[in-house]
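Everything on this sheet refers to the single structure shown next.
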Number of protein chains: 2
Amino acid sequence: MAGGPTTNSESLRADSARVRARMLRAARERVAAGDLDLPMNAVAKAAGVGVGTVYRHFPTRHALLESLAAERFALLVQAAEQAVTCPDVAVGLARLLRAALEHQRGDPALAVVLSASDNACQETTELVRALAEAVDRLLERAREAGAIRPEITAEDVRALFCGLQRTVQVGGDTELYIDILLRGIRP
Amino acid sequence: MAGGPTTNSESLRADSARVRARMLRAARERVAAGDLDLPMNAVAKAAGVGVGTVYRHFPTRHALLESLAAERFALLVQAAEQAVTCPDVAVGLARLLRAALEHQRGDPALAVVLSASDNACQETTELVRALAEAVDRLLERAREAGAIRPEITAEDVRALFCGLQRTVQVGGDTELYIDILLRGIRP
DNA sequence: ACCTGAACACCGTTCAAGT
DNA sequence: ACCTGAACACCGTTCAAGT
């Protein structure tokens with residue numbers, strides 16, 4: 001017969017991956033509908049699995065949020081890396097700020113994950129590191145060009161991302177707030 | 001016997017006020033302990049009243065938060081009014097920013113109320129109006145002195161308060177973030 | 001008038017039982 | 001190995017019954 005332990009384990013894994021994808025899809029639908037609560041029971045029901053399965057894959061709600069945010073987080077990292085290669089470093093900074101805003105607006109889970117002080121998933125830790133690395137390179141270039149206050153760190157930039165997102169959320173004038181921040185970080 | 005409808009109604013009101021104070025004290029203790037959840041049942045139990053009584057006084061949790069925040073909110077309004085009378089308008093702006101941060105740090109309920117888009121209590125609406133009025137006067141003085149971008153409104157300042165608070169919460173360098181904002185709002 | 005607290009619905013979380 | 005879902009504890013909210 002085709003099938004031994006390997007095939008069996010693979011089919012288990014394949015099934016597990018399918019179940020995981022179903023849960024993420026269900027959770028994403030809720031978030032897209034504006035509900036960041038993500039009740040585990042509700043996610044389970046929407047995904048057609050038992051609650052225990054949700055907990056097996058995502059030990060905490062924050063772990064679930066991180067998994068949801070990962071995709072957009074990777075796009076933000078990409079944007080940061082592209083900003084580094086921007087000929088005009090000031091333009092790079094401006095693009096990065098816009099990208100940070102846009103991705104947080106596009107996925108509220110990302111806004112939560114970016115302002116969290118620690119991560120549940122290895123994947124997130126990796127993304128945080130990659131973002132910090134790209135931002136560090138951008139800051140270094142900006143310092144050399146005299147385009148930024150030299151004491152600003154990648155951690156500060158992350159905090160400023162979160163604050164800017166909140167400012168935009170509370171107030172109305174996105175362009176003004178971006179501009180205030182861009183001017184404020186100049187030397 | 002002493003007592004007619006008036007006395008009776010007054011004693012009811014007095015009792016009601018006492019009960020209300022007990023609930024607010026209980027809620028404040030929970031918030032001070034770092035718990036912004038404020039479960040209505042828990043507040044009721046801690047205050048030694050029935051849940052229905054909590055709901056009678058505070059129709060929603062946000063109404064409860066507003067009542068909690070009112071005291072600090074009034075202090076913030078005072079700070080804004082003092083900032084207006086500051087001989088050096090730039091110093092006034094800096095003091096106001098610091099006061100906004102300090103009061104939000106001192107009462108997390110205020111941070112929530114400041115970033116809420118609408119209010120449950122009349123009292124809060126009044127405080128919001130008073131703050132906007134003081135800030136408007138300060139902005140007017142700052143514009144005349146050429147100390148601020150002229151397009152910034154009191155609403156923008158409220159949004160910037162909220163964003164600054166978040167930045168500080170996520171990052172570590174309060175002084176840097178205050179300074180970035182102060183520079184950013186200059187013309 | 002105002003307060004109480006039982007009642008119902010819902011969510012978090014665990015864990016014995018299934019496949 | 002992995003999944004299920006009953007079970008228990010807790011919270012939101014309402015409303016009939018008390019004073």
Side-chain angles (χ1 to χ4, degrees), chain A residues 1 3-27 29-31 33-68 109 112 116 120-121, chain B residues 1 3-27 29-31 33-68 109 112 116 120-121:
Chain A
M1 299 293 254
T6 302
T7 300
N8 194 8
S9 138
E10 266 166 11
S11 84
L12 271 174
R13 255 183 260 145
D15 190 53
S16 188
R18 221 166 12 243
V19 158
R20 186 187 151 94
R22 269 221 310 279
M23 291 186 290
L24 284 174
R25 195 169 342 122
E29 271 162 26
R30 288 193 80 94
V31 170
D35 187 6
L36 261 181
D37 274 357
L38 284 188
M40 299 298 232
N41 279 291
V43 171
K45 186 171 295 185
V49 302
V51 229
T53 304
V54 181
Y55 277 92
R56 166 175 296 274
H57 286 259
F58 310 104
T60 67
R61 181 170 24 269
H62 199 260
L64 177 53
L65 281 173
E66 287 179 30
S67 297
L68 284 179
V112 175
C121 309
Chain B
M1 298 296 250
T6 302
T7 299
N8 193 8
S9 139
E10 265 165 13
S11 84
L12 271 175
R13 255 184 261 145
D15 190 52
S16 187
R18 219 163 16 240
V19 157
R20 187 188 150 94
R22 268 221 311 277
M23 291 186 291
L24 283 174
R25 194 166 346 120
E29 271 162 26
R30 288 193 79 94
V31 170
D35 188 5
L36 262 181
D37 274 357
L38 285 188
M40 299 299 232
N41 279 293
V43 170
K45 184 170 295 184
V49 301
V51 229
T53 304
V54 181
Y55 277 93
R56 167 175 297 274
H57 286 259
F58 310 104
T60 66
R61 182 172 20 271
H62 200 259
L64 177 52
L65 280 173
E66 286 179 29
S67 297
L68 285 178
V112 175
C121 309

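The chains referred to below are lettered A, B, ... by the order of the sequence lines, with proteins before strands, and numbering in each begins at 1. Every heavy atom of this structure was used, including side-chain atoms; hydrogens, water molecules and symmetry mates were not.
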Quick one: [X] [atom1] to [N] [atom2], roughly how many Å, whole number?
| X | N | atom1 | atom2 | value |
| --- | --- | --- | --- | --- |
| Arg18(B) | dC2(C) | CZ | C1' | 13 Å |
| Leu38(B) | dC11(D) | CG | P | 12 Å |
| Leu64(A) | dC11(C) | CG | C1' | 15 Å |
| Phe58(B) | dT13(D) | CZ | C1' | 17 Å |
| Met23(B) | dC2(C) | CE | C1' | 11 Å |
| Asp37(A) | dG12(C) | CG | C1' | 12 Å |

If I compare all heavy atoms of [X] with all of [Y], which pair ends up nearest, and what's the gap?
| X | Y | answer |
| --- | --- | --- |
| Cys121(B) | Ala63(B) | SG-O, 3.8 Å |
| Ala120(B) | Glu66(B) | N-OE2, 2.6 Å |
| Met40(B) | Phe58(B) | CE-O, 3.6 Å |

Fill in: Intra- and inter-strand pairs of DNA chain D in dot-bracket (Watson-Crick or G-U wobble, both distances under 3.5 Å; | for another strand)
||.|||||...|||||.||

Discussion item. Does Val43(A) form a side-chain contact (heavy atoms from CB on, under 4.5 Å) with Val51(A)? I'd like the steps, not just the answer.
Written reply: CA-CA 8 Å; Val43(A) 171; Val51(A) 229; over 6 Å; no

Worksheet item: Is His57(B) near enough to dC3(C) that one of its side-chain N or O atoms lies under 4.0 angstrom from OP1 or OP2?
Response: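 Yes, such a contact exists.
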
Worksheet item: For Ser67(A) and Arg20(A), what are the C-alpha separation, side-chain angles and deciding distance, and is it a side-chain contact (heavy atoms from CB on, under 4.5 Å)?
Response: CA-CA 10 Å; Ser67(A) 297; Arg20(A) 186 187 151 94; 3.8 Å; yes

Worksheet item: Would you say the side chain of Val112(A) lies within less than 4.5 Å of the side chain of His62(A), judging by non-hydrogen atoms?
Response: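 The answer is yes; the side chains approach within 4.5 Å.
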
Worksheet item: Is the closest side-chain heavy-atom distance between Arg56(A) and Ser16(A) below 4.5 Å?
Response: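 In short, these two side chains do not touch, never coming nearer than 4.5 Å.
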
Worksheet item: Roughly how far apart are Met23(A) CE and Leu68(A) CG, rounded to 0.5 Å?
Response: 11.0 Å

Discussion item. For the CZ atom of Arg18(A) and the CZ atom of Arg22(A), what is their distance to the nearest 0.5 Å?
Written reply: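 Result: 8.5 Å between the selected atoms.
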
Could you list the protein-to-nucleotides 16-19 of chain C atom pairs, N/O on both sides, closer than 3.5 Å?
none

Discussion item. For the backbone of Pro39(B) and the side chain of Asp37(B), can you confirm whether one donor and one acceptor N or O come within less than 3.5 Å of each other?
Written reply: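 No: the side chain of Asp37(B) does not pair with the backbone of Pro39(B).
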
Discussion item. One character per nucleotide, please: for nucleotides 4-9 of chain D, 5' to 3', B when the base has a protein heavy atom closer than 4.0 Å, S when only the sugar-phosphate does, - otherwise.
Written reply: BBB---

Worksheet item: Choosing from dG12(D), dC3(D), dG12(C), which nucleotide comes nearest the side chain of Tyr55(B)?
Response: dG12(D)

